[in-house]
Structures are given as structure tokens and as C-alpha cells.
Amino acid sequence: MDSARRTVNINMNTNLSQLHHDILEGVCDAWTALQQQQPLVHIMTNAVASNYVANVLLAANAAPAMIDNPFEAENFARIAAAISLNLGTPTSEQVQAMLIAAQTANAIKKPWVLDPVGYGSILHWRSEVTDQLMAFQPTIVRGNASEIGTLAGKQVTGKGVGTTLDSSEVYQQAKSLLAQCQCIAISGESDYIISQDYPVIKVMGGSELQPRVTATGCALGALIAAYSAVANPVIAATAAHLHFAIAGKRAAEITSTLGSFNVAFIDQIHLLNPEIIQQYADFELL
Amino acid sequence: MDSARRTVNINMNTNLSQLHHDILEGVCDAWTALQQQQPLVHIMTNAVASNYVANVLLAANAAPAMIDNPFEAENFARIAAAISLNLGTPTSEQVQAMLIAAQTANAIKKPWVLDPVGYGSILHWRSEVTDQLMAFQPTIVRGNASEIGTLAGKQVTGKGVGTTLDSSEVYQQAKSLLAQCQCIAISGESDYIISQDYPVIKVMGGSELQPRVTATGCALGALIAAYSAVANPVIAATAAHLHFAIAGKRAAEITSTLGSFNVAFIDQIHLLNPEIIQQYADFELL
Amino acid sequence: MDSARRTVNINMNTNLSQLHHDILEGVCDAWTALQQQQPLVHIMTNAVASNYVANVLLAANAAPAMIDNPFEAENFARIAAAISLNLGTPTSEQVQAMLIAAQTANAIKKPWVLDPVGYGSILHWRSEVTDQLMAFQPTIVRGNASEIGTLAGKQVTGKGVGTTLDSSEVYQQAKSLLAQCQCIAISGESDYIISQDYPVIKVMGGSELQPRVTATGCALGALIAAYSAVANPVIAATAAHLHFAIAGKRAAEITSTLGSFNVAFIDQIHLLNPEIIQQYADFELL
């Protein structure tokens, strides 16, 4: 049992209400630690997402750095506090960099997040790359229900890089992935965070507008990585999902059109604090 | 005569006023179909545009997917409802992917849009790639007056990737391109949509601020592709141009500075509906 | 002494107050010239920055064009009014294009700006590329204190692509770089503009929110290039830094959250004019 797991050596018989309270405290502590440490996050993401991902992480007070060439990937993976790899628009050169970074992260036990965008039968190449990356034991795998479901062996048909499955249908199957990673996060209308150490955590909130801003999922993956530099994998994933769900809900209270929502969402990512977390956090343990 | 043309077998002697009415109805129907079908659009675009293009298409309720590597281009072109190729910042690998997607689209009669950004004498490489792509018979070619004028054989001098020609000077010459495509759309202060089946459609509106937000032309090309999944090429091009012209005009009623305009423009892309189309659509038949 | 330097053949004994006045007039004239000439700026920048850089330059009324492939770099460098090269997320192909553009710019005495993002001991590859680019004598080198300090031979430890040094600690050492370029601009809480022809110019203003919008530094580099097409290197660098400092200060008067700040900043880049420059410009000569 590695040290991260030791710290969350939860007795599954603990009163769920107490555990819910402890998780919420852990999320607030993770937010505070993120503000204090501003962890350097090594990010390789897609062309659509890169600007947005960087702005989301800066709004949350992390320090994003997009280094995605194979000549610098190992060195940078060594100095970063966490790593986030996203398969949205891979190039041959970027894929080389991802494999080097993942191998390095695994070798030196650096937390890293894998977002297998578009995993499935249509997009062979990235799916094969994802399989190679999985061998380097990501700390956390996050994706939508189609991606995680397919990765877990349930053959489904995704609509391009979106999803046609509901996250609630997939989370039981996803547990098979825990042989290769410590935590799985499935985003959807509700989000599911799956691990061996906690019950399944179901996060509610957000807004129906959120999936209509591009790259929100990609930014969420990078934010999970940022939190994984300051908290155990499950608290990190939960903190990032709550950060997004709360910001999305509050942004949707302000506006209902997509241009304004995008602005309000970054504002609310920036404005989050423990009082807002305590007031808005909506999750349950399954 | 292929099936798309059969459906618009317009008698050119039809009363122009009736035809204007029919086009406007067609545009409203295309908007409604776009909301219902949310077509998957396979997009290869430039590094400047990718985030913006995705957000414009999501605001319009299409489903954009940027897949621009040669290893997945054919598979994805087969499942997409339409394809949009843009030559803004080509890489060697992306060019390979574009040629594969265009060849696939042509082979299986999938609608696809070509945006020959920067076509002309200065930028040889992309111009040669564009010539190769033209051989795969794009459904619609869209660009500014310099690009379309040069492509149609009129040698002009563009200012980089902007334009020094007025669209009104070019649209007659552009008809020569109808040997290779079904529809040509020229954007400018007024836009011109050229085909064999309809009179030239001149679209007015928009805002002088629009060209000062980067990638609006690139997003327009991808939106034409989205509409081409649910309407014939001429209605698709007209619907996309009106969508932009109306959103631009309405956004400029709200603000006159560029940061705010960018936000308001996405809001108005999102807010469009048939009532707003009927109220604001400004086009004439030449 | 080349012609650019002749035009600023300042007698260092000139009354500093008069010189301050002359610089401010020069900045206002540069802004006016930028509006009139709308110079075409050939930009190679990183994946995170490209959309934002283009929008900042359009808001300032320059004409940005991102041409970053090796097959078109020479031709485009020849027709552009200025060139901006940024090492944020280099690819092998983009690096080839940068070397060609820099060589061309040096050969034909076209003003060009180098932004050595991440220069230092961790990121070897880009640092070696930067060294090669330096041999082509950039007109202006701009960066943060870590990058410029390291480039000037002072070994420091940067935090990824951010900075851990204060610009005030570095500007004396930076003068050694004047053997290879005409002007050095160091951005930070205050900015320093260093040359042989003027005293050190220290620019104040901006907002603490500015570094928390990604790619502001990258956009600043490209804006310096735009101004270098219409003014001597020192006035160009000062004009761009004042443009940013004033827009940042005014945006922060409007809002204190990052999503809204990003919008307000572009609005204020757009709204700048000589009256606002005269009212808000805050700089001193050291």
C-alpha cells in the first residue's frame, strides 16, 4: 500500500455521514493547499483546449505549463508537481512526448492524469496510444461515459468525441480499471468518482450549458492533476469536479447564453472559496 | 444532376420575390434541422481558430470534432455528417489528413467545405495543397474575395491572409469554379453565394467589428459544413452567412468594443431562432 | 550606426524631463501610425497563445498572420512589416520555420522580436534553438526576468515557464545582450526597457490579474513587433508595454474576476487613444 493510500485508509464501515463530512473537509483543505502551493502542472492537451485549460488553471491558482515536445518531456515531468495528458488532437510528435512523460511519471511516482479523449473503435490510433499510456499506471483516469466504458471493456458507440452513454450506466464496469489506476472519474450529467478506498462518490450540480462550452472536460482533467499535487487522488478528483460543478451552477444563475456563460464560468472558478464549497457542494456516497 | 441539385431544381423564371421567400423558409428549416440533428462535423482547422470554431458550432447546436491526424482521418470522415477543411496553419501531418478526408468525402458523397485560407502567389505550399484538394470536388468553397478571386484565376495580391479585394468585384469570375464545386461563398462587407441552381444571393448585415475578431471566417466555414449536413449546399451556405450576419448585427447593437463584442457574438449565435431570422435576414437575389 | 539608431541619437545629457516628454510623444505617434498603417505582423507563437495573440493585435489595429511552416516562412517574412517569434510550444516543423524567418529578417533588415519562453537549464531544446535564433540578431528580445536573466548569463532557476526573479534584479545584467540586439524588454510587476540609445525605461501600471490570464506575455511580444513596424525599437517596446499596462490598469478598475477581466482587457486594448495614453502612462527613466 503506497503512502497516498495509507493516508486515506478509510474503514468502509465508517458512518457515511461522517465520511461525507470528512470528504468535504478534505476538498476545502485541497482548495486551500492549491492556493498556497500553486502547483506547477505539466500539461499536454489538444489544440482546441490549450488556451482554455491554461486560463481555467490560472483562475484556480495553479501554474499550468504546456510542454509537449519529446525533447523536453522527461526533464519537465521531473520538475512538475503533477502531469495531465489529453488525447484530443494528438500529433506524432506529441504522442512521443506523452509516452516519455507517462513513463517518467510512473518511474518517479509523480501523480498523473490520463484523459483518453475519443477512446473507442472509430479512433484506432489514439486508442492504441491510450492503451500504451495505461501501462504506465496513471494515478487518475478521467473521461466521459463512452470513453471510460469502452476502456473498461464495454463496447459502446460514441458520437465522435462526445458521448452517447450516461455516466450512471458505466460506473460499475469502470471498477475493472482499478487494476491499472488508483481512481477513475466519469463526467456526465452527474459525475462518478471510483476508487478502492472510498465508496463511489456521485457529484451533482453544474449546468446544462457546460458541455456546450468546448474543452470543459479537458480543463477538468488538468484541474484534477493540479489538485492531485496537493491531495490524495480521490480527494483531488472530487475537489476538481466540485470546483467545476459549483462554478457551473453559479455561472448559470447569472446568465443563460453561451458567450456570457463562458466568461461567468471562469469568474466563478476564480471566486471559489471554502464558504462557497460548503454552501454549494452537492455529492453523495453510493 | 445529383440528388442535391434535383431538390433545388429551381425554374430561374420563378418570381424572385417568391424565391426570396422560399430561401428564407429554407434557412429557417435548416436552423430547425440543425437543432434537432446536432450533426457531427469533422473539422480540421488552424491553431488560431480551433477553440473559437468549436465554441461557435456548439453555440449553434452542432457537434464539432477536431480530428486532424492522418491515422484517423478516413474513419472519422466516414462517420461524420459533414467535413470542414481550413488551410490557415497547415502542418505536414495535418495536410496528409486533409487529403485523406477530402478523398474519402468525395468517394462517399459526404458534403465537405474547403476554406483556402491565404490562397495566392505568396503562400505557394498551401496553394498547391488547395489545388490538390480541389480535385476532390468540395461541395462548397468559401473564402474572402482575394482567395476566391485568385482561385478562380484572377491574379490578385492579398495582404497576407486578409483581403484587399471587395467581394463584389469577384463574384462574377468565381462562377468558373462551379466546374469543381456546387457552391461558392465569398465573405466580405457583403457576402455572395454563387451556384448554378439559384441566382447569386447577396447577404448583408454583420458588423464592421466582425473582421476584427480573429477566426470569424474560419468559424463561418465550419458552420456552413454543419448546415450542409441538413440542407442543400446553397441553403446551407446562406443559412450560415445569415446566422453570422444577424448575430454580428445584434451583437453590435449591444456593444462597440472588441472584447465584449466577441462575447455578445457567441451569445447571439446561441440565441438565433426562426423569429429572429425572419426579422433580421437581409439578402437579395442578383 | 544603423538608421534606426540615428533617428534616436539622443544626447544622454538631455534633460530627463524633456526626454520623458519626447518618449511619450513618440508613443502617441506610434499608436497613431499603427492605426493608419495596420502593419502585417508575421507571427509564430505557441498553441496556448495563438487565438489570444491574434485578437490582441486586431484590437490594437495591427494585422496578425500566423504562418509557421518552413515551406512559406521565407516568402512571408519578406512581405510582412515585422516578425514575432515565440518559443512557447515549439514543434520540429515550427522551429525550422522560425530559423528561416529569423535568417530572412536579419538578411533584409526587417524588425523582428524574439520571445525566448522558458529559456533555461530545464528546457534544453528550446534554449538551444533560442541560441541559434539569437545569432540572427533579433531587433528586440522580450521575456520575463528568469528568461532574460538566464539568457544574459545569470544562471537562475525559473518555475517552468513562469518566473521566480524580479525584473528589477535583472535589468543591469541584461545590458550584456545589447551586443546581439538593439533593445531588451523585461516584463514583471514593473517592466524595464533597455537599450544603448536611451536611459533604462521603467514602465509601471498593469494589474496583478494580468499574469493570471494566459499568454499575455506572448501577446505583448507580438504587439512589440507590430509597433516596431512603425517606430524605432525602444519606442516600439515602450508603446507596447504602456498599451498593456494602461489597458490592464483600466480593466482592473472595471472588474476583479478573471473571466470578466479578460474581456475588459481586450476592450481596453481596443479603446486606447492618445488622450488615454497621456492620462495614464506611468514610466520613469533610470
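Within every chain, numbering begins at 1; the chains are lettered A, B, ... in the order of the sequence lines, protein sequences first and strands thereafter.
For C:Ser92, the parts lying near chain A are the backbone and the side chain together; criterion is any non-hydrogen pair under 4.5 Å. Both the backbone and the side chain of C:Val213 come within contact range of chain A, with heavy atoms under 4.5 Å apart. Contact of A:Asp68 with chain C is made through the side chain alone, with heavy-atom distances under 4.5 Å. Contact of A:Asn262 with chain C is not made at all, since no heavy-atom distance falls under 4.5 Å.
Taking the six-membered ring where tryptophan is involved, the planes of C:Phe265 and C:Tyr52 are essentially parallel, since the angle between them stays under 30° and well short of 60°. Ring-plane geometry between A:Phe76 and A:His42 is classed as perpendicular, the angle between the planes exceeding 60 degrees on a 0 to 90 degree scale with a lower cut at 30.
Across all their heavy atoms, C:Ala77 and C:Thr104 have their closest contact at CB-CG2, 3.9 Å. Scanning both residues, C:Leu209 and C:Phe261, for their nearest heavy atoms gives CD1-CD1, 3.7 Å.
With respect to A:Arg78 and A:Glu74, a salt bridge is recorded, a charged nitrogen being found less than 4.0 Å from a carboxylate O.
With chain C as the partner, the residue from A:Thr45, A:Leu57, A:Asn61, A:Ile269 showing the most heavy-atom pairs under 4.5 Å is A:Asn61. The candidate with the highest count of non-hydrogen atom pairs below 4.5 Å against chain C, out of A:Leu58, A:Asn69, A:Ile266, is A:Leu58.
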